[in-house]
Amino acid sequence: MGREVKEKGPLTAPFPALMGPAMDNTRPIENSLDAFAGSKLAELEAKNQRRTLVDTARTSHMALSVNGGAPLISFTDNDYLGLSTHPDVIEAAKTATDKYGAGSGASRLVTGNHPLYRKLEQTIARIKGTEDAAVFGSGYLANVGIIPTLVGKHDLILADELVHTCIHAGMALSRATVKFFRHNDVDHAAELLAEHRANHGRCIIVVDGIYSMDGDIAPLRALGLLARQNDAWLMNDDAHALGTVGGGRGSAHACRAEGLVPLQMGTLSKAVGSYGGYLAASKPVIDLMRTRARSFIYTTGLPPAAVGASIKALEIIEREQDRVARPVKLAQDFAKAMGLPKPESPIVPLVIGSEVNALKASEALARAGFKVIAFRPPTVPEGTSRLRFSFSATHRDEDIKNLVGACEQLGLGA
Ligand SMILES: *Cc1c(COP(=O)(O)O)cnc(C)c1O
């Protein structure tokens, strides 16, 4: 009875002493937090390094509508094979959603491991030629999970100076000693190993398979042999290489270095057109990831739609070799017409220099009907702001011709 009275009582402050004076919620808050954020933004704005989001609606054939405007042909996507809008991939996402729901409900080790995961991991392992594979929430999550699982405080990491930001994050979390070698410079890597290897227990050498801002491929054979000689483990981040080089199997296959790269990491969000990250490796390494990688364990499983879409997209990559070969061919056609060096990947950088000029060139191309992003520091080194062209299997030959024409009119190129 006493309980009933309490529940029905008026909701006055139960502990008046803790409430303090009444607050005026209508007054604007001036605090150190907003002051910090505001002044940091102003500083970045002055350097032309402020970034903003624009609404971008994707349709087929690489056409984008930015802020609801007229469609632009995108030469800036990572959707190298057009699979994000492929009808069969979309259908697979829908079927997976119908069958297993919109979300996975929990982390994979709890109850979020819906049956499609197994098929996806088997498909990745088959394409990569490894015993097994582990799928993570994204490529970023894969890198921050894999590296600290394999090396710690007493160990050594050798990294190419241009590796992706999320590898930096993974290296920092591992607390291992990190040494950077000059970009693609195997001799420099060898010198660093000679100097430091003996002082450490385990050692990883980590590179991007294809460098996202430069489009070149890592020298995986030479690095793989060097790693072997020094009891080091070579890891490649194949974010831009799966589906685009090596018959779609990635950079290790493109370099004929399959057996020399025991840790093949990558993403399902670029050529695969879906979302998620992975590590392809031996069974013991993958089992260790599933048991120990924090970004594998303490995060929710992917939505079934993303997993279903990835499986279908990877099957298309295995089957349709013409589609896989086309992005690099178009990049080479473009580079040839522009008098630029022959690319090995679907990425062609055009270094402009200053942030302002890179932005201006990007805006001028937009007025001509093309979406090409200007990449600026800190994504690229200071003074190397650039246009980064990326090519997709769904571009038409005439799209390339028109793009070259627009670049020539603007005085871009060699
Ligand atoms: C895009 C990218 C990633 C991150 O992958 P997400 O799946 O988008 O998180 C990692 N490494 C490289 C080299 C990338 O280009």
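Numbering of ligands and ligand atoms starts at 1, following listing order. Position 1 is the first residue of the sequence, and the numbers go up from there.
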R290 and E121 ion-paired at < 4.0 Å: yes
Distance, nearest 0.5 Å, that separates CE of M265 from CG of L279: 8.5 Å
Y211-H183 aromatic ring centre distance below 6.0 Å: yes
Set of residues that line ligand 1, where lining means a heavy atom lies under 4.0 Å from it: S138, G139, Y140, H164, C166, D208, D237, A239, H240, T267, S269, K270, G276
Whether F391 and F389 hold their rings parallel, tilted or perpendicular, with breakpoints at 30° and 60°: parallel
R386 (side chain) donor-acceptor with M213 (main chain) under 3.5 angstrom: yes
N199, CG atom: more than 12 neighbouring heavy atoms under 6.0 Å: yes
